[in-house]
J.: 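Below: one structure in structure tokens.
Counting convention: from 1, in listed order, for ligands and their atoms alike. Numbers for residues simply follow the sequence, beginning at 1.
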Amino acid sequence: MRIRFWGVRGSLPVPGPRTERYGGNTSCVEVSSAAGTRIIIDAGTGIRRLGKELMRGEFESGKGAAHLLISHTHWDHIQGLPFFAPFYRAGNKLFVYARQRDDQNLRSVLSLQVDSPFFPVPFHKARADVAFRELHDGAHFEINDVVVSCARLNHPYIATAYALSADGAKVAYIADTAPFSDILFGQEFIAGPPSPHSLLSKTDHKILRTMRNQVVRLCEGADLVIYDTMFTPEEYRQTPHYGHSRPSDAVEICRDAGARTLALYHHAPDRSDTEVDALLASTRKEAKVTTPKLEIVAGFEGLDLALGKG
Ligand SMILES: [Zn+2]
Ligand SMILES: [Zn+2]
């Protein structure tokens, strides 16, 4: 199984000299099995370059097939889709998966972002065959030779974590999520951080505990866990209601799950290359005490990993 990172940034693209090494594009990771199943997780702006690369192969002649798993439909996870070249070539097949919502179906959410006057090409002008599959929390299914499992995450309007197993290897993708401790996010907007003295209800505690257990189970024995580590501890204290985690949260999940490697991911837009280096170094230092066997890397555009047999 081969994993390639095409976009590692959260919130919005931030090109420029401060982000040259890790990259400024938003969330997109490609997973390919040895048998040739191609899965793309999230369609942030990183998917644009992936699309260009795919057009050098069978997608150019309209014979390509890809499966796109969307964690949630915040801009930084879908904004690259209108610039994904295989989408506009007849014959290509694109299967799009995301969590089912009560209020809107997946197709209408994705077509909204390219409706006039936001974009010149409406969704129905896509010439590829596009099929949608809406998922429930805890869904478990196969895409050819790849087994996919899902879990609910703690994020405004709710996001989905995915684990993919193939070729004797497993990768888990967890973006975006807050820790499972201070706020329970659902479909409603949370305007500010909870007051220091407010306590979560027993029911919310229980829901968060169950959610965390399911995320740990999803990551169990994973060779690679890609995790939202957007915040430093100080940033988290200021904006816990934004729905993102700290590196220590990711390390704890990996420890409990017995995962082998953690990739820090969804870097904050203001985090420069040297600051990501520093965050990686401090995370490694702290994890050495609690989780000595865990390898930690920071995701960057172009990071290419081979797991298991293929
Ligand atoms: Zn995000
Ligand atoms: Zn989000």
Side-chain angles (χ1 to χ4, degrees), residues 5-15 19 22-30 40-48 50 68-84 96-101 103-104 106 109-110 112-113 134-135 137 150-162 172-180 182-193 208 211 215 225-232 235-236 238-247 249-250 253 262-271 276 279 298-301:
F5 289 69
W6 294 89
V8 297
R9 202 56 67 167
S11 301
L12 81 164
V14 282
T19 58
Y22 287 95
N25 281 298
T26 51
S27 310
C28 181
V29 170
E30 177 192 10
I40 303 163
I41 316 180
D42 279 339
T45 59
I47 202 172
R48 179 179 160 274
L50 168 58
L68 172 61
L69 304 178
I70 293 178
S71 63
H72 62 311
T73 53
H74 284 161
W75 269 352
D76 51 327
H77 300 261
I78 61 165
Q79 211 171 18
L81 192 57
F83 302 93
F84 184 57
V96 186
Y97 307 70
R99 184 179 190 273
Q100 187 167 39
R101 292 180 64 98
D103 52 350
Q104 258 175 331
L106 179 56
V109 176
L110 292 177
L112 262 178
Q113 76 162 340
E134 299 188 355
L135 306 167
D137 296 331
C150 307
R152 176 185 164 172
L153 292 172
N154 193 28
H155 191 64
Y157 307 104
I158 307 177
T160 299
Y162 295 101
Y173 180 97
I174 290 102
D176 304 359
T177 193
F180 307 91
D182 304 313
I183 305 175
L184 172 61
F185 291 97
Q187 301 289 1
E188 67 289 339
F189 177 65
I190 295 175
L208 285 169
M211 212 187 291
V215 170
V225 173
I226 301 165
Y227 206 103
D228 169 5
T229 52
M230 188 160 167
F231 284 153
T232 62
E235 288 162 353
Y236 178 71
Q238 285 168 14
T239 50
H241 57 298
Y242 282 12
H244 299 286
S245 294
R246 304 153 289 200
D249 302 306
I253 294 280
L262 163 67
L264 309 184
Y265 186 67
H266 203 273
H267 308 312
D270 284 337
R271 194 94 59 233
V276 177
L279 197 65
F300 60 89
E301 279 176 38

J.: Applying side-chain hydrogen bond (donor to acceptor under 3.5 Å, both in side chains) between Ser71 and each of Thr160, Asp176, Asp42, Thr177, report the one that passes.
T.: Asp42
J.: Using a strict 4.0 Å threshold on nitrogen-to-oxygen distance, state whether Arg9 and Asp76 make a salt bridge.
T.: no
J.: Within His155, is some N, O or S atom less than 2.8 Å away from the Zn ion (ligand 2)?
T.: yes
J.: To check your reading of the site, what angle at the Zn ion (ligand 1) do OD2 of Asp76 and NE2 of His77 form, to 10°?
T.: 90°
J.: Please tell me if the side chains of Arg101 and Gln187 come closer than 4.5 Å, counting only heavy atoms from C-beta onward.
T.: yes
J.: If the Zn ion (ligand 2) is the vertex, what is the angle to OD2 of Asp176 and NE2 of His72, rounded to 10 degrees?
T.: 90°
J.: Using modelled atom types and a 3.5 Å cut-off, is there a donor and acceptor pairing between side-chain atoms of Glu301 and backbone atoms of Gly24?
T.: yes
J.: Between Asn154 and Leu184 (side chain of the first, backbone of the second, donor and acceptor by atom type, cut-off under 3.5 Å), is there such a pair?
T.: no
J.: With the Zn ion (ligand 1) as the point of reference, which N/O/S atom of His266 is the closest?
T.: NE2
J.: Tell me, which N, O or S atom in His74 is closest to the Zn ion (ligand 2)?
T.: ND1
